[in-house]
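Computed from heavy atoms alone, side chains included, the values below leave out hydrogens, waters and symmetry copies.
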Amino acid sequence: MSAAGTAHSNRYWNHNAAFHKELVADAARRGGRALDVGCGEGLLMERLAAVCDQVVGIETDPDTASRARARLTGLPGADVRQADVLAPGATDCLGEFDTVTCVAVLHHLPLEAGLERLAALVAPGGRLLIVGLAANASAWDWALSAMSVVPIRIASLLHGERRDVGVPTAPARESLQEIRAASARILPGSRMRRRFYWRYSLVWDRPMGAGQ
């Protein structure tokens, strides 16, 4: 079987992969360069490579980065790097991208520093797309979370969810309200909303002509 065929056979569905289709469709409108921050074992990168000229993925965990490289072997324009997005000089080394994706990763980072660094990687006219997890803090958060349990379990069964794909995980720390407030300060004009599968999405566009 070819490298591309092997990668395709290793595709799966979970609460993060559920958002891949819309992320890829959004990136396809711009094409160019895409960066997946915390790329895990490379499934989203594989999909982005079909619509972008170049896809770079960064991953701090060495074993996970190695798995991503194996998935993307032979795929033109795909580059996996073991790196920390918050490391000094990361912006200079990586450059700017038309699309920056960050799926279930922001809660692994210091919130404000993470948002600032992600924004710095977006080229003028480019877009930052975050799918994240937030901690329940208010009574409304807990109520919505409880009401979602049954429909999410049904969806997971229907899609054949693979919960554990062997990548590092961590519990969410900040609430949706805290993330919304930080993004309003750091990413003026960003749009954020609560999503299914206990996730939220955040979209921010860097204006054309905007410098660092």
Side-chain angles (χ1 to χ4, degrees), residues 13-27 34-40 43-44 47-48 57-61 84-86 97 99-122 126-159 161-165 167-207 210:
W13 186 96
N14 60 23
H15 294 169
N16 294 324
F19 294 91
H20 285 184
K21 184 176 180 180
E22 69 178 71
L23 295 174
V24 172
D26 197 305
L35 172 70
D36 188 25
V37 177
C39 66
L43 180 58
L44 178 55
R47 291 168 166 164
L48 287 169
I58 57 174
E59 172 59 52
T60 58
D61 181 69
D84 184 344
V85 70
L86 295 181
F97 296 83
T99 300
V100 175
T101 57
C102 182
V103 179
V105 171
L106 183 59
H107 67 284
H108 289 257
L109 307 174
L111 177 58
E112 295 199 358
L115 288 172
E116 289 170 353
R117 181 54 58 89
L118 291 171
L121 292 163
V122 181
R127 175 170 286 185
L128 170 63
L129 297 162
I130 296 174
V131 175
L133 289 78
N136 291 329
S138 67
W140 182 238
D141 291 337
W142 284 107
L144 285 177
S145 181
M147 288 188 290
S148 300
V149 170
V150 171
I152 288 176
R153 284 183 177 174
I154 292 171
S156 295
L157 287 171
L158 291 174
H159 286 285
E161 178 190 8
R162 191 197 301 179
R163 291 189 180 184
D164 185 3
V165 296
V167 300
T169 61
R173 295 171 299 182
E174 293 88 5
S175 69
L176 198 68
Q177 293 79 4
E178 291 172 314
I179 299 166
R180 193 186 302 277
S183 62
R185 291 193 304 271
I186 296 167
L187 307 174
S190 58
R191 290 92 68 198
M192 183 176 173
R193 61 190 177 109
R194 197 186 298 264
R195 304 294 297 273
F196 203 47
Y197 303 119
W198 299 299
R199 301 293 191 268
Y200 68 85
S201 61
L202 190 157
V203 179
W204 177 72
D205 298 311
R206 179 177 290 281

Smallest heavy-atom separation, Ala104 atom then Asn16 atom, equals CB-OD1, 3.4 Å
Using modelled atom types and a 3.5 Å cut-off, is there a donor and acceptor pairing between side-chain atoms of Arg127 and backbone atoms of Ala27? no
Rounded to the nearest 0.5 angstrom, the CG-NZ distance for Leu44 and Lys21 is 14.5 Å
In short, Ser190 meets Ala184 closest at the heavy-atom pair OG-N, 4.4 Å
Q) Hey, does Leu202 have a side-chain heavy atom less than 4.5 Å from the side chain of Leu187? A) yes
Here the pair of heavy atoms bringing Gln177 nearest to Ser138 is NE2-OG, 3.9 Å
Rounded to the nearest 0.5 Å, the CD1 atom of Ile152 sits from the CE atom of Met147 at a distance of 11.0 Å
_For a 4.5 angstrom cut-off between non-hydrogen side-chain atoms, does Val37 reach Val100?_
yes
Separation between CD (Glu161) and CG (Asn14), nearest 0.5 Å, reads 6.5 Å
Nearest heavy-atom approach of Arg206 to Val122 is NE-O, 2.8 Å
Between Arg194 and Asp141, does a salt bridge (Lys or Arg N to Asp or Glu O under 4.0 Å) hold up when you go through it step by step?
-> CA-CA 10 Å; Arg194 197 186 298 264; Asp141 291 337; 3.0 Å; yes
When every non-hydrogen atom of Ser156 is compared with those of His15, the smallest separation belongs to OG-NE2, 2.9 Å
Taken to the nearest 0.5 Å, the spacing of Leu23 CG from Ser201 OG works out to 9.0 Å
Listing, residues 105-115 side-chain donor-acceptor contacts under 3.5 Å, not counting sequence neighbours, or none:
| residue | atom | partner | partner atom | Å |
| --- | --- | --- | --- | --- |
| His107 | NE2 | Ala170 | O | 2.9 |
| Glu112 | OE2 | Arg185 | NH2 | 2.2 |

Output for pair (Leu157 CG, Arg153 CZ), nearest 0.5 Å, gives 9.5 Å
So does Gly189 get a backbone contact from the side chain of Trp204, meaning a donor-acceptor N/O pair under 3.5 Å?
no
Go through it in stages, so that I can follow the logic: the residues are Trp198 and Val149, the test is side-chain contact (heavy atoms from CB on, under 4.5 Å), and I'd like the CA-CA distance, side-chain angles, deciding distance and then a yes or no. CA-CA 9 Å; Trp198 299 299; Val149 170; 3.9 Å; yes
Nearest heavy-atom approach of Ala172 to Ala134 is CB-C, 3.5 Å
Requested in this report: Test Asp36 against Thr101 for side-chain hydrogen bond (donor to acceptor under 3.5 Å, both in side chains), laying out the working first.
Outcome: CA-CA 5 Å; Asp36 188 25; Thr101 57; 2.8 Å; yes
Rounded to the nearest 0.5 Å, the CE atom of Met192 sits from the CG atom of Leu176 at a distance of 4.0 Å
When Leu129, Leu35, Val85, Ile130 are each screened for side-chain contact (heavy atoms from CB on, under 4.5 Å) with Cys102, the one that passes is Ile130
- [ ] Give the ring-plane orientation class for Tyr197 versus Phe19, where under 30° counts as parallel, over 60° as perpendicular and anything between as tilted.
- [x] perpendicular
